[in-house]
Amino acid sequence: MAKRAKSAEKKNVAVIGLGRFGEAVALRLVELGHEVIGIDENAEIVQKLADDLPHVVQADSTDSEALRVLGVNEVDYAVVAIGASLEGSVLSVLALQELGIKDIWAKASTRQHGLILTRLGVSKVVFPEADMGHALAEQLCGA
Ligand code: ATP
């Protein structure tokens, strides 16, 4: 059985973009006992995850009104896991900020993408491949 979060506090998280990275984030948060709403514009992806993610919805995350209708304005955290479309990533961050979400974590696919996300004021920018590569190198050397 999966290990549950030590923190008793149940978090309410929106995970936007359910590619390989977003899917992994969303499923792990659910395993850890948190409340997750997963959003993707691709109907096939939403269908594929419907059995494992209790709340998964097809929507365009650049549309702040659509997000509001889904209750995304109530979440504590949002994770924007859109890498390939810089426009989709940036507009999703702006839509979340319009809803008043303060704690936004976002994935960047390039250094420039990361810079733009930082300038937008997101709480944390992650570079999955680079971060994992650094972690693996450090593990290998016992750092
Ligand atoms: P990964 O490497 O995690 O598989 P990726 O970096 O290639 O993903 P993308 O393919 O850009 O990232 O996006 C990940 C997911 O985000 C896709 O499933 C895509 O359908 C979804 N997505 C992209 N734009 C939007 C949008 N505007 N609204 C909702 N979902 C979106």
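Each ligand, and each atom within it, is numbered from 1 in the order the structure gives.
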Legend entry - With sequence neighbours excluded, residues passing salt bridge (charged side-chain N to carboxylate O under 4.0 Å, His left out) with Lys48: Glu23
Legend entry - Pocket residues of ligand 1, ordered first by chain and then by residue number (heavy-atom cut-off under 4.0 Å): Gly17, Leu18, Gly19, Arg20, Phe21, Asp40, Glu41, Asn42, Ile45, Ala59, Asp60, Ser61, Thr62, Ala81, Ile82, Gly83, Ala84, Ser85, Lys107
Inset, instruction - Take atom CD of Gln58 as the centre, draw a 6.0 Å sphere, and report whether it contains more than 12 heavy atoms from other residues, nucleotides or ligands. - result: yes
Legend entry - Non-hydrogen side-chain atoms of Val126 and Lys124 separated by less than 4.5 Å: yes
Inset, instruction - Return the set of residues passing salt bridge (charged side-chain N to carboxylate O under 4.0 Å, His left out) with Glu87 (not counting sequence neighbours), or none when no residue passes. - result: none
Let me check something: any side-chain donor-acceptor pairs from residues 106-117 under 3.5 Å, sequence neighbours excluded? List them with distances.
from	atom 1	to	atom 2	distance (Å)
Ser109	OG	Gly83	O	3.0
Ser109	OG	His113	ND1	3.3
Thr110	OG1	His113	N	3.0
His113	ND1	Ser109	N	3.1
His113	NE2	Ser89	OG	2.8

Inset, instruction - Inspect the contact between Glu35 and Lys10 and indicate whether a charged nitrogen and a carboxylate oxygen are less than 4.0 angstrom apart. - result: yes
